[in-house]
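Structure record follows, encoded as structure tokens.
Computed from a predicted structure; not experimentally measured. Lettering follows sequence order; numbering is per chain, from 1.
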Amino acid sequence: MSAVRISLDDLTVTYERRPAVHHISGCFEAGSLTAIVGPNGAGKSTLIKAIAGTLKPAAGRVDRGSLALHNVGYLPQAAEIDRSFPLNVADTVIMGAWRSIGAFRGVSREQARQAQEALLAVGLEGFERRSVGSLSAGQFQRVLFARLLMQNAAVILLDEPFTAIDARTTQDLLKLIRDWHGQGRTVIAVLHDIDQVRKHFPNTLLMAREAIAWGDTDTVLHADNLRRARNMAEYWSDDATPCAMNEEQQS
Amino acid sequence: MMIYQTLIQPFVEFGFMRRALIACLALGIGSGPVGVLLMLRRMSLVGDAMSHAVLPGAAVGFLFAGLSLPAMGFGGLIAGLLVALLSGLVSRFTSLREDASFASFYLTSLAAGVLIVSLHGSSVDLLHVLFGTILAIDNPAIFMVGGIASFTLIVLALIYRPLVLECFDPGFLRAVGGSGSLYHVLFLLLVVLNLVAGFQALGTLMAVGMMIIPATVSRFWATSLSALMIISTLVATLSGFIGLIVSFHAGVASGPAIVLTASAFYVFSLLFGRSGIVRRLFPKAHLAH
């Protein structure tokens, strides 16, 4: 697995002209394991989407080096997936091979075997024919992790992977994340549980639209920083005035 | 003998019944799978709105060429696509949700359509446009409906995988580099085409019935996508067949007859389907350990 470094260069992403991610610069080192932490509305999901390439930056850029965009494994928030859709577990996992099968090509025997192995790795052996609607939230999250395994991507982006997930599943999935880290993949996860971050994630980006602190987890998750993040979020939740730095760039 | 007279003889005896039957079968084959996807995308009401939106275009076609399906169909296609596109744009650039903008667009176009037809035609013409008339299905009409059904199946086969993915997990499709909006637009095109195909037999007000009701019925019986599509297609074609027979013997308009037949399937499934009311009220005892 060739490691990939992702750097943000003065990145700004806006929703309806209000900045959700504001002038963030820095980098996720190749093979690093980073948690993104911050209050609600801090722009964490927006940042993840910008890195995944599904949102266009309003200013600045995301530098993925030589990495093809499709070589990013992205786990969206659970709410964005229609779980009532009549699809079975095996088909969902196989979709992880999209990069090679695309819209038209058939699934090879080898890929079917890999999907099988992925299900085994997340502890869902024998669930192939079950419909995703019949799974519990934890089981479904395991399916999505199996799909990530199937994608075999150099960069893995997880948006709140453990929200509403039971402790046992969380532990199992954290182990997969540690494995990915061990294999030299660059992993970035949006998380809410500070203790979990302290325990499992070496690096942290604390943000509230802007980066409050970025680096070594113990240094970043300092009480002062956390308080600042909370204040920033409240300050920004007012209808923000247009950003002076943006105006300059546009003129 | 009774059965032969009731079910088969009308089609042997009358050319217009044969043509209507072929049109209904083709319609069911196209609308069945499209309806299932429409339902799964939670766009049932959007489909309803679009069928009404077809009306003013059909009315303009009617102005120029009378009750000719290709002319009215072409007009309806343009109008339907225009409304689909405009409401998509409106919902993208304003804070209105898509369903709200669809509702306002279709009310406008329904009013405009009725006005145009009633200005230049009799109330019988208006009834035909609104509720369909099997008598007017001629050979060009059959070719059109058959062509649309074939086109629908081919396009669905081509975009099936990305379309399913776009329904299920749009964020993932975007992340792996698929263009979700492309498939969405292609799908909307199929919906409008099938509505245009449907409105001759069913009328603009009922055209969507052949899509939505069979799809809803299938939800009571199956859980996999392919089974849903097969059941929906079967129900749609059967409703067409039974509805035509009822319409013939009872002398009622074909559109309502076909849609009501589909509704009968719906009520039956609602009561006795695998996830229907009876099963829910009287569940089997769960397995003892």
Side-chain angles (χ1 to χ4, degrees), chain A residues 16 45 48-56 68-107 129-134 140 143-144 147-148 150-151 153 155-159, chain B residues 33 35-44 91-96 154-184 186-187 215-232 274-275:
Chain A
E16 288 167 7
S45 297
I48 284 274
K49 282 179 186 162
I51 296 171
T54 62
L55 277 180
K56 293 263 165 294
L69 203 50
H70 308 170
N71 200 4
V72 175
Y74 167 53
L75 179 80
Q77 267 181 49
E80 291 174 21
I81 299 176
D82 179 8
R83 275 183 54 200
S84 67
F85 200 87
L87 207 60
N88 69 33
V89 168
D91 286 345
T92 310
V93 175
I94 290 266
M95 277 178 187
W98 182 273
R99 208 153 36 99
S100 55
I101 61 176
F104 303 113
R105 282 181 294 278
V107 176
R129 298 283 142 226
R130 288 272 295 271
S131 72
V132 290
S134 70
F140 185 65
V143 170
L144 293 181
R147 186 174 71 179
L148 283 170
M150 191 76 196
Q151 272 185 280
V155 173
I156 295 172
L157 309 171
L158 310 166
D159 197 349
Chain B
V36 167
L37 288 164
L38 201 63
M39 171 186 69
L40 291 175
R41 296 169 79 88
R42 299 167 204 277
M43 285 172 58
S44 300
S91 62
R92 182 159 301 182
F93 291 113
T94 66
S95 56
L96 265 186
I154 292 169
V155 172
L156 270 188
L158 284 177
I159 67 171
Y160 186 79
R161 194 183 283 163
L163 190 64
V164 164
L165 189 49
E166 210 257 328
C167 274
F168 170 65
D169 187 354
F172 179 77
L173 180 65
R174 273 196 303 276
V176 293
S179 163
S181 47
L182 169 71
Y183 302 111
H184 183 67
L186 277 174
F187 178 69
T216 319
V217 170
S218 69
R219 217 28 171 154
F220 285 105
W221 299 99
T223 50
S224 81
L225 189 52
S226 45
L228 285 173
M229 287 181 167
I230 290 169
I231 291 174
S232 167
R274 266 170 53 184
S275 49

Non-hydrogen atoms of A/P76 and B/F172 that approach each other most closely:
CG-N, 4.4 Å
What orientation do B/F168 and A/F85 show, parallel under 30°, tilted 30 to 60°, or perpendicular over 60°?
tilted
For B/R161 and A/R105, indicate whether the former's side chain and the latter's backbone hold a donor-acceptor pair under 3.5 Å.
yes
Less than 4.5 Å to any heavy atom of chain B: does that hold for the side chain of A/I101, its backbone, both, or neither?
both
Inter-chain contacts: residues 216-223 of chain B against chain A, heavy atoms under 4.5 Å:
B/R219, B/T223
Side chain, backbone, both or neither of B/L158 within contact of chain A (heavy atoms, under 4.5 Å)
both
Is there a side-chain contact between A/D82 and B/R42 in this structure, where contact means two heavy atoms from C-beta onward sitting under 4.5 Å apart?
yes
Where does A/S84 contact chain B at under 4.5 Å (heavy atoms): side chain, backbone, both or neither?
both
Going by the side-chain contact (heavy atoms from CB on, under 4.5 Å) test, name the single residue among B/V164, B/L40, B/L165 that passes it with A/L87.
B/V164
Sequence neighbours left out, what passes salt bridge (charged side-chain N to carboxylate O under 4.0 Å, His left out) with B/D169? Give chain and number order.
A/R147
